[in-house]
Asks: 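Please read through the structure below; I'll follow up with questions.
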Amino acid sequence: MVSYDTCIIGAGPAGLTLAMELADQGLKVIVVESGTGKDKPTAQRLSDAEILTPASHEVMEDAVKRGLGGTSALWGGRCMPLDAIDFEKREGIEGTAWPFSAEELVPYYARACAILGAGAPAFTVDTCNSLGTHDARLTANFVDTKTT
């Protein structure tokens, strides 16, 4: 029987980064992922959700990707911190509050950027001008509520 020090659920950017960091510290790590290297509709359907604000959120098959690399397989080269609301409890949705705040992640941004080779942790639109995708729309149906 094989045993591990820790099990990481999800092979997206956060899961893979955590797995690498823990392995670098000498821990024996296993990563469990529901998707595969190819599109797998049965795994992808696990991310289905009702979109309550379709003008500000893309359909789940365009917003979430199951498989190695997770949703990063859909990214166009942009990285940014989560919003404070992402950590808060949301009425009518059980289990949505995180056990820490957005501010508690700030000390880890420099390390995350180093792992990604993304430069300094400067998360403003102005810092994206060198990317080929800096003026590309996020998805075909997304409406930027700040400009409309």
Side-chain angles (χ1 to χ4, degrees), residues 1-119 121 123 125 127-128 130-145:
M1 179 177 177
V2 178
S3 64
Y4 297 89
D5 297 307
T6 192
C7 175
I8 308 294
I9 308 297
L16 292 175
T17 300
L18 180 58
M20 290 186 306
E21 291 288 296
L22 293 174
D24 285 348
Q25 294 177 25
L27 296 175
K28 192 168 182 182
V29 179
I30 186 170
V31 177
V32 178
E33 170 57 54
S34 64
T36 65
K38 298 178 181 179
D39 286 337
K40 187 174 180 185
T42 54
Q44 189 61 36
R45 281 194 298 272
L46 295 171
S47 294
D48 285 351
E50 179 184 1
I51 306 300
L52 300 178
T53 55
S56 63
H57 197 288
E58 192 57 56
V59 294
M60 294 308 288
E61 57 265 22
D62 290 343
V64 176
K65 181 75 170 163
R66 297 270 177 158
L68 184 63
T71 303
S72 70
L74 303 174
W75 293 353
R78 295 181 179 131
C79 295
M80 58 187 291
L82 294 169
D83 294 321
I85 193 172
D86 295 324
F87 295 84
E88 297 174 8
K89 181 177 187 207
R90 298 187 190 189
E91 292 300 319
I93 308 174
E94 189 175 327
T96 53
W98 289 34
F100 52 88
S101 69
E103 293 79 28
E104 291 178 72
L105 290 178
V106 173
Y108 302 98
Y109 290 163
R111 178 69 182 136
C113 287
I115 290 168
L116 294 169
F123 303 106
V125 174
T127 62
C128 296
S130 64
L131 296 174
T133 58
H134 80 278
D135 60 355
R137 293 184 66 175
L138 296 177
T139 63
N141 298 324
F142 188 79
V143 176
D144 185 350
T145 57

Asks: Rounded to the nearest 0.5 Å, how far does CE of Met20 lie from CD of Gln25?
Replies: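 CE of Met20 is found 12.5 Å from CD of Gln25.
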Asks: Can you name the nearest heavy-atom pair linking Ala43 to Gly35, along with the distance?
Replies: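 So the minimum-distance heavy-atom pair works out to CB-CA, 3.9 Å.
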Asks: Listed by chain and number, what are the side-chain contact (heavy atoms from CB on, under 4.5 Å) partners of Ile85, not counting sequence neighbours?
Replies: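 Here the qualifying residues are Asp83, Glu88, Arg90.
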Asks: Enter the distance from Thr71:OG1 to Lys65:NZ here, rounded to the nearest 0.5 Å.
Replies: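 One finds 9.5 Å between OG1 of Thr71 and NZ of Lys65.
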Asks: Between Phe100 and Leu105, is there a side-chain heavy-atom distance shorter than 4.5 Å?
Replies: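 Contact flag for Leu105/Phe100 side chains = yes.
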Asks: Ignoring hydrogens, what is the shortest heavy-atom contact between Ala23 and Val29? Give both atom names and the distance.
Replies: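 What the structure gives for the nearest pair is N-CG2, 4.0 Å.
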Asks: Is the shortest side-chain heavy-atom distance between Ile8 and Leu22 below 4.5 Å?
Replies: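 Ile8 vs Leu22: side chains touch.
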Asks: Please report the closest heavy-atom contact between Ser72 and Pro13, naming both atoms and the distance.
Replies: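 Heavy atoms of Ser72 and Pro13 come nearest at CB-CG, 3.6 Å.
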Asks: Which pair of heavy atoms, one from Met60 and one from Gln44, lies closest together, and at what distance?
Replies: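 For Met60 versus Gln44, the nearest heavy atoms are O-NE2, 4.1 Å.
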Asks: Could you pull out all residues at least two apart from Ser3 that satisfy side-chain contact (heavy atoms from CB on, under 4.5 Å)?
Replies: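 Listed in chain order: nothing, the list is empty.
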Asks: Within this structure, what is the NZ-CZ distance for the pair Lys40 and Arg45, rounded to the nearest 0.5 Å?
Replies: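 CZ of Arg45 is found 10.5 Å from NZ of Lys40.
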Asks: Which atom pair, heavy atoms only, marks the closest approach of Arg66 to Glu33?
Replies: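 Residues Arg66 and Glu33, closest heavy atoms: C-OE2, 3.9 Å.
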Asks: To the nearest 0.5 Å, how far apart are CD1 in Ile30 and CG in Asp5?
Replies: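 Ile30 CD1 to Asp5 CG: 12.0 Å, rounded to 0.5 Å.
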Asks: By the side-chain hydrogen bond (donor to acceptor under 3.5 Å, both in side chains) test, which pairs, at least two apart or in different chains, include something from residues 105-114?
Replies: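 side-chain hydrogen bond (donor to acceptor under 3.5 Å, both in side chains) check on residues 105-114 returns Glu21-Arg111.
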Asks: Starting from the C-alpha separation in whole Å, work towards a yes-or-no answer on side-chain contact (heavy atoms from CB on, under 4.5 Å) for Leu68 and Leu16.
Replies: CA-CA 9 Å; Leu68 184 63; Leu16 292 175; 4.1 Å; yes
